[in-house]
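Heads up, the thing below is written out as structure tokens.
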Amino acid sequence: EQLPATMSIYPNPSSGNFTVTMNLTDDNSDKKTLQIINMSGQIIKRLNIANQNKLDIKIDKPGVYLILLETSKNVITKKLVVMH
């Protein structure tokens with residue numbers, strides 16, 4: 001049985017630098033994107049992640065963000081808090 005896709009973010013809350021790890025064992029799709037969305041609904045970063053399972057990301061502005069991982073099979077959303 002395949003494991004469901006998972007995503008974790010650390011540290012959270014973050015000072016602006018954080019790491020996203022993804023486990024997409026069941027998902028061989030080419031379409032994998034990670035979006036970072038602020039609380040106004042604006043996409044501030046969009047990354048194509050292909051076969052990566054770890055991303056180091058930096059956000060300059062403090063606030064609350066949604067981290068949205070989207071593949072052809074899954075959509076996973078997590079909340080990230082950035083504090084300076």
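Excluded from the calculations below are hydrogen atoms, water molecules and symmetry mates; all remaining heavy atoms, backbone and side chain alike, are included. When a residue number appears, it is its place in the shown sequence, counting from 1. Everything quoted here is computed from the prediction, not taken from an experiment.
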Inset, instruction - Take Val20 and Met7, measure what side-chain contact (heavy atoms from CB on, under 4.5 Å) needs, and give me the verdict at the end. - result: CA-CA 7 Å; Val20 178; Met7 172 175 70; 3.7 Å; yes

Inset, instruction - Just do the side-chain contact (heavy atoms from CB on, under 4.5 Å) check on Phe18 and Ile67 with the steps written out, would you? - result: CA-CA 11 Å; Phe18 62 97; Ile67 312 295; 4.2 Å; yes

Inset, instruction - Let me know which of Thr33, Thr71, Leu69 forms a side chain to side chain contact (heavy atoms under 4.5 Å, CB included) with Ile49. - result: Leu69

When rounded to the nearest 0.5 angstrom, what is the spacing between [atom1] in [X] and [atom2] in [Y]?
| X | Y | atom1 | atom2 | result |
| --- | --- | --- | --- | --- |
| Lys45 | Ile37 | NZ | CD1 | 14.0 Å |
| Lys58 | Ser14 | NZ | OG | 8.5 Å |
| Lys61 | His84 | NZ | NE2 | 10.0 Å |
| Gln35 | Tyr65 | CD | OH | 15.0 Å |
| Leu80 | Tyr10 | CG | OH | 13.5 Å |

Legend entry - Hydrophobic cluster identity match, Leu55 and Ile44, side-chain contacts under 4.5 Å: yes

Legend entry - Leu47 reachable from Ile9 in the ILVMFWY side-chain graph, under 4.5 Å edges: yes

Legend entry - Within 6.0 Å of NZ in Lys79, more than 12 heavy atoms from elsewhere: no

Side chains of [X] and [Y], heavy atoms from C-beta outward: is any pair under 4.5 Å?
| X | Y | value |
| --- | --- | --- |
| Thr19 | Lys54 | yes |
| Lys32 | Glu70 | no |
| Ile36 | Ile57 | yes |
| Pro62 | Met83 | no |

Inset, instruction - Indicate the atoms forming the closest heavy-atom contact of Val64 with Met39, along with that distance. - result: O-CG, 3.2 Å

Legend entry - For Ser8 against Thr21, the heavy-atom pair lying closest together: OG-OG1, 2.6 Å

Inset, instruction - Show your working on side-chain contact (heavy atoms from CB on, under 4.5 Å) between Val81 and Asn12 and close with a plain yes or no. - result: CA-CA 6 Å; Val81 177; Asn12 189 6; 4.0 Å; yes

Inset, instruction - Give a yes or no on whether the backbone of Asn53 and the side-chain of Asn23 come within a donor-acceptor separation of less than 3.5 Å. - result: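 Side chain of Asn23 to backbone of Asn53, a donor-acceptor pair under 3.5 Å: no, none is there.
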
